[in-house]
There are 2 protein chains.
Amino acid sequence: MNFPSKLIEDAVTEISRLPGIGKKTALRLTLHLLKQKEPVTTALTDSLLNLRKNIQYCEVCHNISDSTICSICEGNKRDKSVICVVEDLPDVLAIENTNQYTGLYHVLGGVISPIQGIGPDELKIESLIKRIDSPSNETPVDEIILALPATMEGDTTSFFITRKLKDKNIKVSSIARGIPVGSELEYTDEITLGRSILTRIKYSTE
Amino acid sequence: MNFPSKLIEDAVTEISRLPGIGKKTALRLTLHLLKQKEPVTTALTDSLLNLRKNIQYCEVCHNISDSTICSICEGNKRDKSVICVVEDLPDVLAIENTNQYTGLYHVLGGVISPIQGIGPDELKIESLIKRIDSPSNETPVDEIILALPATMEGDTTSFFITRKLKDKNIKVSSIARGIPVGSELEYTDEITLGRSILTRIKYSTE
């Protein structure tokens, strides 16, 4: 595309660096901003600059936070004996939205992926081990729930963490994989269906 | 969604104001920027602020430009007797990419849409009339090509401009509507197919 203006071209180039946004969408967004009043653009740029400069990560769980300890780790009503290990912030938000979980989190910041050059040392795995062992814990950690993606990388990470926790006297579990609620058997892929038979849940007959 | 940080919440709110971007995509983009180094964010915000502050519109055709007269209007190789009337900048880029058109453009900045409160006075229609009549034209304008969207609003605008140009001794044409190249007849909607029969092209039998 030949742009009639260097300014437009620069903006389109920068916006299309964002994941999932191509040149055409970037141009549409740029023209949208041009049609709005100037404060719309400055509110957007201010919020991004502010975020980039002032963001902090919770020292305990590595979740994004406004302070050194995040509101979940500080919360009095949370069950501090359970830690749910997730890949990143959206997973914390998704689990919080279920209203089914009251424990703490541990944000790894990714999963082990040799292809992308992400090894265990790039992730917050060592910090998880230290956190479990920490003598300053008011409540001892009782269970680790692995809530990592159901991919090769997620499974590798789960396996790695499970091995690391082997010698500690601690329950390790994973969220259930199976057929999503509301789905038909016949449309489920074979791997999911196969796994859901292997990991079937026993009903009580009493 | 409850965000663990006000900074994230602000950024997500601002990004999701952009058209076609919801809260989930906004969060994904925000987290992407957080994972990149700081210059990625500042390059983006700088390009947007720069654009918003320094952008100009061509005084002749109202296309976006880096100077008071755009490169197309100033170009020596362009046919100045033909003006193609379009809705907005992406249309100029699309037509330029065809390499089939060497004339000038006139960017209306929208189409007549009573529902959105856009009347003829909000568009650069009067400026088009003045441009045709201007005594400073080196080459008199010979033809106006209407390349507006094939929608009710586009057709209304085309009709309005055609009426305005009635008394001027000037050819007015519209880009052809019909079946896109490579399409099958049976999958074309009835209105397009019906119109393509009415506006059929005569083949020479000589």
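Chain letters run A, B, ... following the sequence lines, proteins first and then strands; every chain starts at 1. The analysis underlying the following values was restricted to heavy atoms, covering all of them including side chains, and did not include hydrogens, waters or symmetry mates. None of these values were measured; they are calculated from a predicted model.
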Asks: Where on A:Ile72 is there a heavy atom nearer than 4.5 Å to chain B: the side chain, the backbone, both, or neither?
Replies: neither
Asks: So which part of B:Glu96 gets closer than 4.5 Å to some heavy atom of chain A, the side chain, the backbone, both or neither?
Replies: neither
Asks: Assess whether side chain to side chain contact (heavy atoms under 4.5 Å, CB included) is satisfied between A:Ile8 and A:Leu27, documenting all intermediate values.
Replies: CA-CA 8 Å; A:Ile8 289 270; A:Leu27 179 62; 4.1 Å; yes
Asks: Does the pair B:Glu9/B:Lys6 count as a salt bridge with the N-to-O cut at 4.0 Å?
Replies: no
Asks: Under 4.5 Å heavy-atom distance to chain A, tell me which part of B:Arg17 shows up: side chain, backbone, both or neither.
Replies: backbone
Asks: Do A:Asp66 and B:Ser5 have side-chain atoms, one donor and one acceptor, less than 3.5 Å apart?
Replies: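 Note: A:Asp66 and B:Ser5 side chains meet the donor-acceptor criterion.
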Asks: Checking an interface table here. Which of residues 51-64 of chain B come within a heavy-atom distance under 4.5 Å of chain A?
Replies: B:Leu51, B:Arg52, B:Lys53, B:Asn54, B:Ile55, B:Tyr57, B:Asn63, B:Ile64
Asks: Looking at A:Thr25, A:Leu29, A:Val92, which has the largest count of heavy-atom pairs under 4.5 Å with chain B?
Replies: A:Leu29
Asks: Given heavy-atom pairs under 4.5 angstrom as the criterion, report whether the side chain, backbone, both or neither of B:Asp88 touches chain A.
Replies: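 Just its side chain gets close to chain A.
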Asks: Looking at A:Asp133 and A:Lys164, is there a salt bridge between them, counting it only when a charged N and a carboxylate O are closer than 4.0 Å?
Replies: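 Looking at A:Lys164 and A:Asp133, the cut-off is not met.
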Asks: For A:Ser173 and A:Glu143, test the side chains for any donor-to-acceptor distance below 3.5 angstrom and give the result as yes or no.
Replies: yes
Asks: Select, from A:Ser67, A:Ala94, A:Ser65, the one with the greatest count of heavy-atom pairs under 4.5 Å involving chain B.
Replies: A:Ser65
Asks: Based on non-hydrogen pairs under 4.5 Å, which of A:Val40, A:Asp10, A:Thr30, A:Thr41 is most in contact with chain B?
Replies: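 Maximum pair count with chain B is reached by A:Thr41.
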Asks: At a heavy-atom separation under 4.5 Å, does A:Leu31 approach chain B through its side chain, its backbone, both, or neither?
Replies: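 Interface part for A:Leu31: side chain.
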